[in-house]
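Atoms considered below: every heavy atom in the structure, side chains included; atoms not considered: hydrogens, waters and symmetry mates. This is a predicted model, so every value here is computed, not measured. Here is how names work: the chains are called A, B, and so on, in the same order as the sequence lines, proteins then strands, and each is numbered from 1.
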Amino acid sequence: MKIVTWNINGVRARIENLIHWLRESQPDIVCLQEIKTVDDQFPRFEVEALGYHVETHGQKGFNGVAILSKLRFDEVNRGLPGDAADEQARFIEGVFSTDKGALRVVSLYLPNGNPIHDPVKFPYKLSWMARLERWAKARLALEEALILAGDYNVIPDPIDARYPEAWLGDALFQPETRQAFRRLENLGFTEAVRSVSDAPDVYTFWDYQAGAWQKNNGIRIDHLLLSPEAANRFTAASIEKHVRAWEKPSDHVPVAVELALEAA
DNA sequence: ATGACAACCCCGGGTTGA
């Protein structure tokens, strides 16, 4: 089974791109971030026509996440628990039945957090990460195959940026940010891409500006964290970076994992 | 130091992103 995360940077602006990619990549489950639309305006019919079920957690203008799946959803949960006042659409969880038992998949869009001295933005990022850690700890106790996939807005290590020194004052690379990501991993997750490669110049995002793509000035901020039960079935990871060279691309590319399990 | 680029809001220009 192929499970992919992709920050699409506006699903309505990118629908032709999305359809073309779905036909080419043939994923079973897709976690989208930054759909930038309310649920009613998600282009669901085009996606459903390719055989996908669609569940969204959208909002007007910004943020918004979705899960597309060839498997029927057994359960859907919207919003990260822990702050009833948080109205930003950054989290959706789907549960599926496989031949090896339940599979839980989360599509998350972790707050950017810049600028770091803003009284709201960086604290919001860190509190969101603390909430995610609490939620993940409880979910791990279920001992199910669980995948936390999304745009984490975290550069885990210097090797994950072409120019790490350029990110020293940035929320994506702050010590507190990296520590929070490490704490999450240390609950017992396997970070898919880095678990199979220590190669440099492996990125998932290239800014639109200043020729970042052409110069390979990228960062690796889109990640899939696998619970032990998911990691045991994990066979491959890949970054579909050719998509960044398409017409009218997102600034992020799809990141995929393969798991040795099938729809029930 | 700023802007570069792109999408959203909805129609001129602000907001957000990373």
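Using a 4.0 Å heavy-atom cutoff across all strands shown, A/Asp222 reaches no nucleic acid atom at all. Here A/Asn153 lies in heavy-atom contact (under 4.0 Å) with sugar-phosphate atoms only. Heavy atoms of A/Lys125 sit nowhere under 4.0 angstrom from any nucleic acid atom.
Interface remark: the A/Asn9 side chain does not form any donor-acceptor pair with the B/dA7 base, using a distance-only criterion of under 3.5 Å.
The minimum heavy-atom distance between A/Ile221 and A/Ile155, with the atom names listed, is CG2-CG1, 3.7 Å.
The CG atom of A/Asn63 lies 12.0 Å from the CD atom of A/Glu87; values are rounded to the nearest 0.5 Å. The distance from atom CH2 of A/Trp213 to atom CG of A/Asp207, rounded to the nearest 0.5 Å, is 13.5 Å.
Atom CD of A/Gln209 is separated from atom P of B/dT16 by 16 Å (rounded to the nearest Å). Separating the CG atom of A/Asp151 from the P atom of B/dA18 is a distance of 5 Å, rounded to the nearest angstrom. Atoms NZ (A/Lys121) and P (B/dT15) sit 10 Å apart, rounded to a whole Å. Going from atom CZ of A/Phe205 over to atom C1' of B/dG17 covers 8 Å, rounded to whole Å. Counting to the nearest Å, the C1' atom of B/dA4 and the CD atom of A/Gln214 are 13 Å from each other. Atom CZ in A/Arg244 sits about 12 Å away from atom P in B/dC5, given to the nearest Å. Spacing between atom CZ of A/Phe62 and atom P of B/dC10 amounts to 11 Å, rounded to whole angstrom units. Here the C1' atom of nucleotide B/dA6 and the CH2 atom of A/Trp246 are 19 Å apart, to the nearest Å.
Within the cation-pi definition used here (under 6.0 Å to the ring centroid, within 45° of the axis), A/Lys70 qualifies as a partner of A/Tyr52. In this structure, A/Arg90 forms a cation-pi arrangement with A/Tyr109, its terminal cationic atom sitting closer than 6.0 Å to the ring centre and no more than 45° off the ring axis.
Residue A/Arg220 places none of its side-chain N or O atoms closer than 4.0 Å to OP1 or OP2 of B/dA18. OP1 or OP2 of B/dA18 has at least one side-chain nitrogen or oxygen of A/Tyr109 nearer than 4.0 Å. For A/Asn112 and B/dA18, the shortest distance from a side-chain N or O to OP1 or OP2 is below 4.0 Å. Note on A/Lys36: every side-chain N or O is 4.0 Å or more away from OP1 and OP2 of B/dA6. Side-chain N/O atoms of A/Asn7 include one lying less than 4.0 angstrom from OP1 or OP2 on B/dA18. In terms of phosphate contacts, A/Arg14 brings a side-chain nitrogen or oxygen within less than 4.0 Å of OP1 or OP2 of B/dA7. Under 4.0 angstrom from either OP1 or OP2 of B/dA18 there lies at least one side-chain N or O belonging to A/His252.
Between A/Glu258 and A/Lys2 there is no salt bridge, since no side-chain N of the basic residue sits under 4.0 Å from a carboxylate O of the acidic one.
Separation of the C1' atoms belonging to B/dA18 and B/dA7 is 14 Å when rounded to the nearest angstrom. B/dC11 and B/dT15 have their C1' atoms separated by 16 Å, given to the nearest Å. Spacing of P atoms, B/dT16 relative to B/dG3, comes out at 16 Å, to the nearest Å. Taking atom P on both nucleotides, B/dG14 is separated from B/dA4 by 13 Å, rounded to a whole Å.
Place A/Asp251 and A/Arg12 on DNA chain B by their nearest nucleotides, and A/Arg12 ends up nearer the 5' end. If A/Ile219 and A/Lys248 are placed on DNA chain B by their nearest nucleotide, the residue sitting closer to the 5' end is A/Lys248.
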